[in-house]
Amino acid sequence: MPMMTAAQYEESLRDLNLVVYMFGKQLDNVVDDPIIRPSMQAVAKTYELAHRPEHDDIMTATSHITGKKINRFTHIHQNIDDLVKKSKMGRLLGRETGCCFQRCVGMDALNALSIVTYNMDHQLGTQYNSRFLKYLEYVQENDLTCDGAMTDPKGDRSLPPHKQPDPDLYLHVVEEKANGIIVRGAKAHQTGAVNSHEIIVMPTIAMRKEDQDYAVSFALPADAEGITYIMGRQSCDTRKLEEGLLDRGNILFGGHEALVVLDDVFVPWERVFMYKEYEFAGQLVEKFAAYHRQSYACKVGVGDVLIGASQTAAEYNNVAGASHIKDKLIEMNHLNETLYCGCIACASEGSKEPSGTYSVNTLLANIHKQNVTRFPYEISRIAQDIAGGLMVTMPSEMDLTAPATGKWLEKYFTANCDVPALNRMRILRLIENLTLGTAAVGYLTESMHGAGSPQAQRIMISRLANMKEKQRAAKKLCGIETDDRKQTTADR
Ligand code: SF4
Ligand code: FE
C-alpha cells in the first residue's frame, strides 16, 4: 500500500495500542477523542491531498529505492526540485488546515538520517545506512506517519547530559543486549505524537565522549511497550468539548503536542541508527534542524488563512475600502511573502550530500526560521487590530442559539446588512483561534520555539555567515589591502 487514503490512515491508527493520558486519565479511544480528533484530521489531509490530481506534483514523489509513487512526506529529496516542492507542500497544507499538520517532523528525521547514517558508515565503517534504507522502505511501502523526536527535557541547562543530577533528563541507553538495546528518557513537545505510527528518536545536542550513552538514534512502533504519551494542553482546548462548533474558530482542524516517556523500552538492532557515535550527534541535530527550519513554510500557509480572515472581517465590518485597512493588509502580505521567499530560497540553494540526498542551504534555512520567530506575531497583531475588540468580548454560540439572547446578538452584532451576524462571529472566532486559541500554539509559540528557539538560529547564523568575504569586499573598495599589514604613507 504505497499511498494510503485519509480513511485508511484513520483506520490504521485504530489498530495502534497507544498508552495516552490526558487530564489525568488514560484514554480508551484516541482517534475519536474530541480534543485530539481535529489534529488527526489535519494529518489525514496530508493523505487526502496526495490523491487529488491537482496536487499530485507537489504531494507525491517517486521513491529512489523502489521507483514507486509515494507520498512526499516519506520521500528522500533527490534534487533541488524536490526541496522546492517540499516548501510548496508546507504552504499548501498550512492553508488547507489553518494549523500544524504535524507530519513534517518525520520527513525531516528520515532525510537527516539518510545523510548521517551514510557519513558514519563512510568514516567509521559501520553498517547503519543499509539498515536505515530498509527501514525507510518499510515507511514508504506502508505510507507511515513518523514522529521525529529530538527535544529532550534537558533538566539543568548549564550541565551536559552525563552531569545531570537525574541521568534520564536526556534520553539514553541503559543496557546493551545481544538482540538490541534498552533506552530510557523522554521527548518533550512532540508534535503529532499520538497521530503517528512510528517514533524516530534522535539526540538533541552535539555531544562529547562522556555523553556517548546519550548519542543514540532509533525508530520504534508508536505503541512499543514502555512508551507513554501525556497530552499537552492548548489555550481554549476545552471549547472542543462544548456544544456547537462556532466557538472553536477552526471547526475542522488543530494540532497537538505531547510529552513522550520511554521507560526502559527495548529497541532491536535493526532499528538502531546511531549507537554511541557521539561525534555524529551534532551533525544529525544540525541536518534535522536545517530541514525542519525549512519546514516552517507551513506558517506561510497559516498566514494566508489569517490574511484571508482579516480581509473578510474588514468586509463584514464594511471598512475594507478604508485606506489604512488596505495598507494593513498589504503589510500582512508583505511579511507573509517575505517568509515564503526564505523557505523557497533555502530550498533553491540546496546541495547534494555524499549520500545523494539533497539538503537545504543551512544559513538560509536559519534566516527563514529566524523570520518565522517574528513575522507571524506582527501579522497576528495587525489581524487583531482589524478584527476589533468584539473578537474577545463576544458571547458564546450557545447565547446566539438561545431564544432569549439570540435575537439581541443578531440585532447588535450585525455590521454589514448583507452579512448575517453568525458569519461575522465565525470569522472573528477564527482570528481568535489563530492568534489566541488552540491554533496560536502552532502559529505563534511553535513559530518561536519549534525547530529550535531564536537563539539557536542566531548561533548558526554567526557560524555560517561568511564575514571574511564581506570584509574582503569592503576593504578592497576603500583601498585597504587584504593582508591588513600596516600601511604607511609611502604605501599610498
Ligand atoms: Fe510541520 Fe509546521 Fe507543524 Fe512543524 S509546525 S510539524 S513544520 S506543520
Ligand atoms: Fe514544529
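Each ligand, and each atom within it, is numbered from 1 in the order the structure gives.
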From atom 1 (Fe) of ligand 1 out to just under 2.8 Å, does an N/O/S atom of C104 turn up? yes

Give a yes/no verdict on a cation-pi contact between K352 and Y358, requiring under 6.0 Å between NZ or CZ and the six-membered ring centre and an angle within 45° of the axis. no

Enumerate the atoms of ligand 1 whose separation from the nearest heavy atom of E446 is less than 4.0 angstrom. 3 (Fe), 5 (S)

Ion pair present between D33 and R37, side-chain N to carboxylate O less than 4.0 angstrom? no

Min heavy-atom dist H292 to ligand 1 below 4.0 Å: yes

Just to verify, which of T145, T46, T191, D147 counts as forming a side chain to side chain contact (heavy atoms under 4.5 Å, CB included) with Q102? T191

One finds that the ligand 1 atoms under 4.0 Å from a non-hydrogen atom of T191 are 6 (S)

Working note: N433 + R248, criterion side chain to side chain contact (heavy atoms under 4.5 Å, CB included); need CA distance, chi angles, decisive distance, verdict. CA-CA 7 Å; N433 172 260; R248 297 183 189 189; 5.8 Å; no

Which atoms of ligand 1 are found less than 4.0 Å from any heavy atom of C298? 2 (Fe), 5 (S), 7 (S), 8 (S)

Stepwise side chain to side chain contact (heavy atoms under 4.5 Å, CB included) check, T204 with V285: CA-CA 6 Å; T204 201; V285 174; 5.8 Å; no

S295 heavy atoms within 4.0 Å reach ligand 1 at atoms 7 (S)

Stepwise side-chain hydrogen bond (donor to acceptor under 3.5 Å, both in side chains) test for E198 and Y135: CA-CA 11 Å; E198 291 276 316; Y135 173 72; 2.7 Å; yes

Short N/O/S contact of C100 with atom 3 (Fe) of ligand 1 (below 2.8 Å): yes

